[in-house]
Participant: 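Structure in structure tokens, see below.
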Amino acid sequence: MKINNYIKIGLGSLVMLFTSCTNDEFTPLKVTESNDAEDAPTGVAQARTTALSPGNGVMMQAFYWDVTEGGVWWDNVDSKLESWAANGVDAIWIPPISKGQSGGFSMGYDPADYFDFGDFQQHGTIETRFGNRQELEKMIGTAHENEIAVIADIVLNHNSGGELEYNEFRQVETYTLFQPSSGLFNRTWLNYLPNAVNLEDEGRFGGFPDLDLKNDYVMDWLWRSEESVANYYMNTLQIDGWRFDYVKGFSPEVIKQWIGTVGGYSVGENFDGNVADVVGPWVEASGANAFDFPNFFNMRNAFLNGNLNELTKPSLISTMPEKAVTFVGNHDTESRDGSNEFPNEFETHAYAYIMSAPGYPCVFYSHYEDSGEEQKEKINQLIQIRSQLAAGDWSVNHVDNQEFIAIRGGDGQKPGLVLYINLSDVEVSKEVQTHWSSANIKDYTEEYKVFQNSDSSGLVVLKAPAMGYAIWAATDDDQVAFSEELFVPGDYQGWDPGSANSLVALEVPNLTGTYRGHVSLTNESNEFKFTDASNWDNGIYGDAGDGTSGSIEAPGNNLVLPGPLDYEINVDLVNNSWSAYTWAIIGSGTPNGWDDPDTDMRYDFERNVWTVTTNLTDGELKFRANNGWDVNLGDTGADGILDDGGDNIAVQAGSYQIDLNVANNTFSLGNWGIIGSATPNGWDDPDTNMNYDLANGVWTISVDLVPGEMKFRFSDNWDINLGDTNVDGILEQDGDNISIATAGNYTIILNEETNMYSFNLN
């Protein structure tokens with residue numbers, strides 16, 4: 001490096017060099033210096049005509065803060081590119097690829113050697129945190145094979161890792177001597193701010209040496225020369241575009257010149273929520289796209305504060321949509337103190353928003369790869385919805401704190417869409433004016449299977465699920481529903497579909513193919529199938545395995561269940577599955593205690609409950625499905641409401657009819673008794689309880705009666721009471737009182753199944 005040992009003051013008077021002030025206080029001196037001529041780059045940078053131009057799909061931010069160390073990241077990204085491309089990713093944004101001051105620990109935002117991609121032993125390692133050059137180039141090649149553009153993060157504002165040198169201008173030592181192992185882009189204090197020509201630029205990042213981006217030597221090395229960083233990345237490494245870091249730190253003219261010289265897709269990180277005064281003017285001045293931080297803050301505030309009106313505040317989406325790169329999170333918002341972090345429970349809501357709205361969406365690696373398969377599938381679905389539907393003008397149809405409806409008007413290729421977000425805890429619906437007249441309107445998120453129909457003017461009632469979202473659009477598809485019944489013929493009833501019990505659809509029209517019903521299987525081993533009509537001429541479904549696999553195929557093998565037992569059977573023809581449940585009681589108060597077998601319940605088809613009549617002892621019980629503990633119900637809180645895995649239910653000795661309503665998780669223990677002027681307690685509570693004869697299946701009691709009247713009553717309640725209106729031995733609900741003429745000890749028998757009774761005077 002050649003140093004000219006003189007200082008210019010004022011109009012050129014020569015004086016001897018003198019000692020400076022402190023690092024923060026110095027006398028502005030005009031120091032004439034220049035970089036060594038042999039360090040200057042040569043040639044003129046060129047754009048690459050084969051660079052990929054993203055924008056039709058989505059961008060993937062292919063990293064997060066502090067990704068796995070050890071040089072494995074490029075290989076990790078490489079392994080995912082084919083799958084990403086298949087799901088609509090057409091660009092990846094990768095972290096700074098060159099060696100930083102902290103070597104193998106660096107995330108690249110402390111650039112030291114712009115030309116060391118894991119090639120040189122410096123700053124403690126050969127590889128970067130992400131790998132070596134060979135792995136980087138392999139990953140770039142795989143991306144291009146899958147038509148994915150590679151967007152490189154580039155840090156121009158500052159450097160790190162320089163050695164101490166005497167700063168002639170500041171007259172102190174500064175960490176501004178960069179002699180990188182690559183031998184390219186040597187730098188000294190001449191190339192950093194402040195210097196003799198330029199004191200400052202738009203911003204300084206912490207205490208890092210601040211590159212002077214108006215210095216000819218720096219501009220030549222960064223983008224203007226054939227040997228420049230930009231030209232090398234674009235034409236040698238085959239990078240397709242740029243993500244410019246911390247653009248607040250320098251003039252947007254730098255970006256404009258960079259793009260004008262080497263081309264490529266470009267997006268800037270202007271970390272600011274002010275679109276009118278900061279982000280928008282920067283886009284206009286630079287000509288680059290920008291991450292839509294105003295929209296990010298609008299979304300974060302909307303979902304965090306439960307006020308969707310925030311979504312309508314100004315952003316690049318609303319002012320310069322063609323320049324907006326939208327996102328739900330990135331390495332800056334999701335790290336460190338968490339102050340800008342997006343609320344996890346609303347990440348997919350926000351992705352629904354940016355995939356529906358204008359702009360170019362960017363998916364964050366952590367949200368996609370590290371937040372579970374369910375969220376990954378939802379994001380993939382939203383990417384596909386964007387690809388199929390999202391086009392045309394964006395307008396807000398309705399907004400309040402909890403509901404947001406926006407419309408894309410479509411174009412010649414895509415129909416547009418209606419996005420409906422709902423933050424309330426109940427399903428909501430609104431009449432929406434669309435541009436689709438007399439059309440089938442489909443929810444492409446598949447939350448709703450039933451199509452809606454718009455009228456001739458385009459009006460249609462649309463829905464959104466509780467705390468969820470739906471995306472509706474016109475479709476040429478026909479609404480196809482499954483049958484409303486599924487019959488269960490089998491050997492237990494002679495294989496006759498016409499007389500078989502049926503399962504019923506859980507919704508009508510049956511678009512989900514789901515059914516539920518109850519069947520009494522009378523054999524010790526029962527074989528059966530499902531048919532979608534009361535004959536063998538239509539759909540026939542059996543088991544995909546040995547009869548017990550739980551998977552369905554057509555026509556399949558006979559399904560098999562043991563008996564004789566009653567079953568609740570569930571079928572899902574969309575997901576090709578079936579299941580069967582029988583219920584029983586178990587516990588210290590039940591006939592078999594806590595040991596198998598359980599005491600089986602039967603299904604009462606008239607009352608739609610599971611029931612068993614038996615004798616209990618003092619103790620506890622629970623309800624159990626399929627004689628196993630996978631599904632068991634108890635009563636936590638003793639409130640009569642059953643809970644999965646809940647507390648044991650305390651019972652007292654006696655005879656009981658025990659009912660279980662699985663549909664609403666309730667149960668009851670009741671018994672039959674006698675009441676009336678002839679009975680021991682008269683017409684007053686409590687009734688005189690009867691006992692259950694398990695052997696004969698009847699209720700019985702031996703009791704002293706006096707002349708008078710009586711009735712049978714269930715659970716000390718008049719809701720169920722039986723009398724004999726015709727004095728014929730057959731009981732009727734609310735029937736006449738039964739006369740007792742002679743006092744004595746009687747044996748009374750009640751058969752609740754036949755509604756018959758008898759009195760015998762002992």
Side-chain angles (χ1 to χ4, degrees), residues 87-88 299 302-303 306 308 311 328 343-357 361 363 367-368 371-390 396-400 402-408 414-432 434 436 439-454 459-482 505-516 570 572-577:
N87 284 295
M299 292 194 303
F303 291 110
L308 294 179
L311 294 177
V328 180
N344 293 342
E345 64 270 28
F346 294 112
E347 284 173 0
T348 52
H349 295 69
Y351 276 108
Y353 182 86
I354 68 171
M355 295 297 174
S356 300
V363 177
H367 293 168
Y368 187 82
S371 297
E373 283 302 311
E374 181 179 358
Q375 176 153 308
K376 185 175 184 178
E377 290 173 7
K378 287 182 178 179
I379 294 174
N380 281 337
Q381 180 190 63
L382 291 168
I383 295 171
Q384 294 306 311
I385 288 173
R386 177 182 185 271
S387 174
Q388 295 174 47
L389 307 177
V396 177
N397 175 274
H398 170 84
V399 63
D400 58 33
Q402 294 188 315
E403 295 179 52
F404 177 88
I405 302 174
I407 299 174
R408 294 293 298 274
K414 299 179 182 180
L417 55 82
V418 176
L419 168 67
Y420 197 162
I421 299 175
N422 172 28
L423 297 189
S424 73
D425 57 5
V426 296
E427 180 185 82
V428 293
S429 63
K430 284 280 189 302
E431 189 174 58
V432 180
T434 73
W436 306 303
N440 284 336
I441 313 298
K442 171 183 175 181
D443 172 25
Y444 280 76
T445 70
E446 300 181 341
E447 182 70 30
Y448 297 103
K449 302 292 185 179
V450 180
F451 293 179
Q452 302 298 312
N453 303 109
S454 62
L459 277 175
V460 59
V461 175
L462 302 180
K463 303 175 184 179
M467 294 297 290
Y469 58 87
I471 301 175
W472 300 87
T475 178
D476 293 329
D477 295 343
D478 293 324
Q479 183 78 67
V480 178
F482 292 90
L506 296 186
E507 62 177 41
V508 177
N510 184 14
L511 303 176
T512 61
T514 52
Y515 302 83
R516 179 175 298 149
N570 296 272
D572 184 338
L573 294 182
V574 171
N575 295 303
N576 296 319
S577 64

Participant: Can you confirm whether L389 sits close enough to R408 that some side-chain heavy atom of one is under 4.5 Å from a side-chain heavy atom of the other?
Facilitator: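 With C-beta onward as the side chain, the pair stays apart.
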Participant: Would you check, one step at a time, whether the test side chain to side chain contact (heavy atoms under 4.5 Å, CB included) holds for I421 with L308?
Facilitator: CA-CA 9 Å; I421 299 175; L308 294 179; 4.1 Å; yes
Participant: Distance-only, no hydrogens or angles: does the H349 side chain make a donor-acceptor pair with backbone N or O of M467 under 3.5 Å?
Facilitator: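 Between the backbone of M467 and the side chain of H349 there is a qualifying donor-acceptor contact (under 3.5 Å).
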Participant: Verify side chain to side chain contact (heavy atoms under 4.5 Å, CB included) between L511 and F451, making sure each step is shown before the conclusion.
Facilitator: CA-CA 10 Å; L511 303 176; F451 293 179; 5.8 Å; no
Participant: Looking only at heavy atoms, what is the nearest atom pair of F346 and F303, with distance?
Facilitator: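 Nearest pair, atom of F346 first, then F303: CE1-O, 3.5 Å.
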Participant: Atom NZ of K378 and atom OH of Y368: how far apart are they, to the nearest 0.5 Å?
Facilitator: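 Reported value, rounded in 0.5 Å steps: 15.0 Å.
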Participant: Is a donor on one side and an acceptor on the other found under 3.5 Å between the side chain of S454 and the backbone of A439?
Facilitator: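 Between the backbone of A439 and the side chain of S454 there is a qualifying donor-acceptor contact (under 3.5 Å).
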Participant: Please determine whether the number of non-hydrogen atoms from other residues, nucleotides or ligands lying under 6.0 Å from atom CD of E374 exceeds 12.
Facilitator: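 No, because the 6.0 Å sphere around CD of E374 holds 12 heavy atoms or fewer from other groups.
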Participant: Roughly how far apart are S387 OG and N87 CG, rounded to 0.5 Å?
Facilitator: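 Output value for this atom pair is 11.0 Å.
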Participant: Between atom CG of L382 and atom OG1 of T348, what is the distance when rounded to the nearest 0.5 Å?
Facilitator: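 Between L382 CG and T348 OG1, I get 7.5 Å after rounding to 0.5 Å.
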Participant: Taking the six-membered ring for Trp, are the ring centroids of F482 and Y515 within less than 6.0 Å of each other?
Facilitator: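 For F482 and Y515, the ring centres are not under 6.0 Å apart.
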Participant: Measure the shortest side-chain to side-chain distance between N440 and N453 over non-hydrogen atoms and say whether it is less than 4.5 angstrom.
Facilitator: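 When only atoms from C-beta onward are counted, N453 and N440 do touch, with a gap below 4.5 Å.
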Participant: Can you name the one residue among D477, T475, D476 that meets side chain to side chain donor-acceptor pair (under 3.5 Å) with K442?
Facilitator: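 The single option meeting the side chain to side chain donor-acceptor pair (under 3.5 Å) with K442 is D477.
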Participant: Got a donor-acceptor contact below 3.5 angstrom from the W436 side chain to the V460 backbone?
Facilitator: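 Here the side-chain-to-backbone pair does not exist.
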Participant: Do you know the tightest heavy-atom contact between G513 and N510?
Facilitator: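 So the two residues come closest at N-OD1, 2.9 Å.
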Participant: How far apart are the closest heavy atoms of G88 and Q384, and which atoms are they?
Facilitator: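 That would be N-NE2, 4.3 Å.
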Participant: To the closest 0.5 Å, what do you measure between CD1 (I407) and CD1 (I405)?
Facilitator: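 With rounding to 0.5 Å, CD1 (I407) is 8.0 Å from CD1 (I405).
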Participant: Does a side-chain heavy-atom distance below 4.5 Å link S371 with E347?
Facilitator: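 In short, these two side chains touch, coming nearer than 4.5 Å.
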Participant: List the residues meeting side-chain contact (heavy atoms from CB on, under 4.5 Å) with A470, not counting sequence neighbours, and say none if there are none.
Facilitator: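 Expected list: D443, T445, Y448, P465, W472.
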Participant: How many angstroms lie between OG1 in T514 and CG in N575, if you round to the nearest 0.5 Å?
Facilitator: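 The CG atom of N575 is 9.5 Å from OG1 of T514, to the nearest 0.5 Å.
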Participant: Would you mind reporting whether E403 and L423 have side-chain heavy atoms less than 4.5 Å apart?
Facilitator: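 Answer no - side chains too far apart.
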Participant: For H367 and Y351, take the angle between the two ring planes, folded into 0 to 90°, and tell me which bin it lands in: parallel under 30, tilted 30 to 60, perpendicular over 60.
Facilitator: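 Perpendicular: the ring planes of H367 and Y351 meet at over 60°.
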Participant: Do any N or O atoms from the side chain of R516 and from the backbone of L506 form a donor-acceptor pair under 3.5 angstrom?
Facilitator: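 It does not hold such a pair.
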Participant: State which residues pass salt bridge (charged side-chain N to carboxylate O under 4.0 Å, His left out) with K414; sequence neighbours excluded, sorted by chain then number.
Facilitator: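 Testing K414 for salt bridge (charged side-chain N to carboxylate O under 4.0 Å, His left out), a comparison that skips the adjacent residues, returns none.
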Participant: For a side chain to side chain contact (heavy atoms under 4.5 Å, CB included) check, start with the C-alpha distance between I383 and M355, then their side-chain angles and the critical distance, and finish with the verdict.
Facilitator: CA-CA 6 Å; I383 295 171; M355 295 297 174; 3.7 Å; yes
Participant: So, for V461 and S429, which heavy atoms are closest and what is the spacing to 0.1 Å?
Facilitator: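 Here V461 and S429 meet closest at CG1-CB, 4.1 Å.
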Participant: Assess the residue pair Q452 and K463 against the criterion (side chain to side chain contact (heavy atoms under 4.5 Å, CB included)); give the C-alpha distance rounded to whole Å, side-chain angles, the decisive distance to 0.1 Å, and a yes or no.
Facilitator: CA-CA 9 Å; Q452 302 298 312; K463 303 175 184 179; 4.3 Å; yes
Participant: Kindly compute the distance separating CD (Q388) from CD1 (I471), expressed to the nearest 0.5 Å.
Facilitator: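 Rounded to the nearest 0.5 Å, the CD-CD1 separation comes out at 11.0 Å.
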Participant: Donor-acceptor pair, distance only, cut-off 3.5 Å: does the side chain of S356 make one with the backbone of L419?
Facilitator: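 Here the side-chain-to-backbone pair does not exist.
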